[in-house]
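One structure is given here, and the rest of the page talks about it.
Because the structure is predicted, anything quoted here is derived from the model rather than measured. The residues of the chain are indexed from 1 along the displayed sequence.
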Amino acid sequence: MTADYIVVGSGINGLTCAALLARKRRTVVVLEREAVAGGCMRTEEITAPGYRHDVMAATFVLFVTSPAFAELGADLARHGLDFANTAHPTAVLMPDGQSLVLTTDRAANIARLDELSPGDGARYREEMATVERDAPLLFGLLGGTLWSLPTAKLLFAEARRRGVRGLVARLGEALRPGRAWLEQSFRSELARALLAPWVLHAGLGPESAFSGEMARIIAFALEAAGAPVVKGGAAKAVTAFEGLIAEHGGSIRTGADVAEILVSGERATGVRLADGTVVEARRGVICSVTPTQLYGRLLPAKLVDAPTRERAAAYRYGKGDMQIHYALTRPPRWRSAGLDTVALIHLTPGLDGVSKAVNECERGMLPEVPTICVGQPQALDPTRCPDGAGILWLQLPETPRQVKGDAGGTIDVPPDGRWTDALREAYADRVEAILAAHIEGFAETVVARKAYAPSDLEAMNVNLVGGDPYGGAATIDQFFLWRPFSTSKNHATGIAGLHQIGASTHPGPGLGGGSGYAVGTMLR
């Protein structure tokens, strides 16, 4: 089998890249090692018949606001992609029942914040205005190809407009930790608690450099675009991509485990599958994989120089993730008013609670009080479950990959620190107890529960190393110009015709399709 381009991996970046190349009339084959395409975009009946759960990724705000969607959205819509949304994208719920909802109405958000603490609303207005004013710079750096003439022109124009010192000052401001930004900007603990958990969805913690800027940008994006989910489930997005790629002569092969990248004359010429099948590439191979896979498994050892091998071995992965899914006889009846139509609710004691749970996780401890992200997909898309029923999608982004102990002191941890079924269910019980305290009659409404430990997630997707959903630690030394390595230049690998995309490369994790878009637009 021969194609112009081979794309290894069928997550959002692989599919975006393949779709763009297929529209250029290049023959493309996407190879996926799992039995279903989509990477983290999977929708399955994992609890009970009639309940369709997004097993991993669920919210598409980064995609609908991305350059990839701007270019491909109309074509994907022709192939069935449609979104459901809400005017209430997120909220926080505190242990004492206090809650705060962020809406897509800025005036309403400002008024509510001022009610909590006079002046917080005005400060919020200023913070959102800063993102709007700096959007060309922020989104140009977050989503653009860094080592490129357009980025050089962007920085030059910003330096002329602000002055060199002014530009440097703005970039320095962007490095503020989330705690510093929240404590300087808002007096209300509830306002801080609303935004603090969102740094977790960027793979960071409140004390991490750059987490303040990410929290501000995410708040802006949620207010502007909500928290859309795909009607019918995330897998419908995969089906739409499949249709678009096939429309232009491309194909997706599942159960196709790539064992080796073939290189001839210092150029990538194809791949060999685990079953021995050879697929040839006339123009190039694009791999949506981690550095561990690319340089440790897929490329022949003789082609990887010692410095690159050392950098790949030293590449760090971040916190693990855990997912818990519930099928309910009815939608949850929250004890706190105003949460029924919210897409994503964070249960947390607040900024200090998030910080504490992150610290415990990073030390290998099961958090005593984890930050619980609760999605209510049926509130946006009732087709996900039987009439009158409910679904809950829980994410625990502060879950250790390897467990050294329990910060709560009540869960027995295996001596080797590995996740077992018993450990997973015991921790899920802790989470459920926190959740149930906020929902009337919760236990009586549960039809079934399905939990996935970090090790389970890695078993479903090899890119989730140790259950890390962000393709590697997103700390500043492994981000922007330095992702995946300090020597990286865009998506080049040092081998002609071989490109790396995915969450381990710039612009990093999330359902934005940014790296796939960058390479798909660059290649001819």
Side-chain angles (χ1 to χ4, degrees), residues 44-48 51-56 58 91-99 197 200 319-336 339-340 342-350 353-354 356-358 360-361 365-379 384-385 389-400 403 405-414 419-457 467 469:
E44 299 173 1
E45 292 185 347
I46 55 175
T47 55
Y51 292 83
R52 293 183 56 77
H53 301 265
D54 284 341
V55 179
M56 289 178 274
V92 66
L93 179 56
M94 305 279 275
D96 62 2
Q98 288 188 85
S99 64
L200 304 174
K319 298 181 290 293
D321 187 38
M322 186 168 175
Q323 303 273 159
I324 307 176
H325 302 272
Y326 287 94
L328 306 177
T329 57
R330 56 172 168 76
R333 294 175 183 167
W334 297 96
R335 297 185 186 278
S336 301
L339 300 178
D340 293 348
V342 176
L344 293 166
I345 304 167
H346 287 109
L347 277 56
T348 175
V354 175
K356 178 176 180 289
V358 168
E360 290 167 345
C361 170
M365 307 294 285
L366 294 172
E368 180 181 17
V369 183
T371 305
I372 307 171
C373 180
V374 183
Q376 305 184 99
Q378 95 290 323
R384 300 288 188 94
C385 56
I391 285 179
L392 290 182
W393 172 97
L394 272 62
Q395 183 181 40
L396 303 166
E398 303 147 333
T399 308
V403 186
D406 175 29
T410 61
I411 297 176
D412 293 330
V413 175
W419 281 94
T420 63
D421 291 351
L423 179 60
R424 179 191 64 216
E425 297 307 317
Y427 192 52
D429 287 344
R430 171 177 294 172
V431 173
E432 183 172 314
I434 297 171
L435 175 69
H438 293 283
I439 299 174
E440 295 179 7
F442 180 74
E444 292 75 25
T445 68
V446 176
V447 176
R449 179 181 85 182
K450 176 68 174 179
Y452 295 94
S455 56
D456 299 319
L457 297 178

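Atom CZ of Arg52 and atom SG of Cys385 lie 12.0 Å apart (nearest 0.5 Å). To the nearest 0.5 Å, atom CG of residue Leu200 and atom NZ of residue Lys319 are 6.5 Å apart. With rounding to the nearest 0.5 angstrom, the CZ atom of Arg449 is 12.5 Å from the CG atom of Leu392. Within the model, atoms CD of Gln323 and CG of Leu396 stand 8.0 Å from one another, a figure rounded to the nearest 0.5 Å.
Across all their heavy atoms, Phe442 and Ala436 have their closest contact at CD2-CB, 3.8 Å. Closest approach of Val369 and Pro349 over heavy atoms only: CG1-CG, 3.7 Å. His438 and Pro95 make their closest contact through CE1-O, 3.9 Å (heavy atoms, listed as atom of the first residue, atom of the second, distance). Heavy-atom minimum distance, Ile46 versus His53: CG1-CD2, 3.7 Å. Of all non-hydrogen atoms in Met365 and Pro400, the two that sit nearest each other are O-CG, 3.6 Å. The nearest pair of heavy atoms linking Gln378 to Pro332 is NE2-CD, 4.2 Å.
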- Derivation and outcome, side chain to side chain contact (heavy atoms under 4.5 Å, CB included), residues Leu366 and Leu423: CA-CA 10 Å; Leu366 294 172; Leu423 179 60; 3.9 Å; yes

- Should Trp334 and Ile439 be marked as a side chain to side chain contact (heavy atoms under 4.5 Å, CB included) after you check the CA-CA gap, both sets of side-chain angles, and the distance that decides it? CA-CA 5 Å; Trp334 297 96; Ile439 299 174; 3.7 Å; yes

- Let me see the working for Leu394 and Met322 under side chain to side chain contact (heavy atoms under 4.5 Å, CB included), right down to the final yes or no. CA-CA 8 Å; Leu394 272 62; Met322 186 168 175; over 6 Å; no

- Check the pair Asp54 / Arg384 against side chain to side chain contact (heavy atoms under 4.5 Å, CB included), numbers first and verdict last. CA-CA 9 Å; Asp54 284 341; Arg384 300 288 188 94; 3.3 Å; yes

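Using a distance-only test at 3.5 Å, with no hydrogens or angles considered, a donor-acceptor pair links the side chain of Gln376 to the main chain of Leu339. The backbone N or O of Met56 lies less than 3.5 Å from a partner atom in the side chain of Trp393, making a donor-acceptor pair. Checking side-chain atoms of Arg424 against main-chain N and O of Trp419 turns up no donor-acceptor pair under 3.5 Å. Looking only at distances, a side-chain donor or acceptor of Asp406 sits under 3.5 Å from a matching main-chain atom of Ile411.
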With a 3.5 Å cut-off and sequence neighbours excluded, list the donor-acceptor pairs that the side chains of residues 324-331 form with protein atoms.
unit_1: His325; atom_1: NE2; unit_2: Val55; atom_2: O; d: 3.1
unit_1: Tyr326; atom_1: OH; unit_2: Glu432; atom_2: OE1; d: 2.6
unit_1: Arg330; atom_1: NH2; unit_2: Glu440; atom_2: O; d: 3.3

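If you check the side chains of Thr410 and Arg430, you find a donor sitting under 3.5 Å from an acceptor.
Side-chain contact between Glu398 and Val354: present, with at least one pair of heavy atoms (C-beta onward) separated by less than 4.5 Å. Looking at heavy atoms from C-beta onward, Leu93 lies out of side-chain contact with Arg335 at the 4.5 angstrom threshold.
Within 6.0 Å of CG on Asp340 lie more than 12 heavy atoms contributed by other residues, nucleotides or ligands.
Ion pair Asp456/Lys450 not flagged as a salt bridge, since none of the NZ, NE, NH1 or NH2 atoms sits closer than 4.0 Å to an Asp/Glu carboxylate oxygen.
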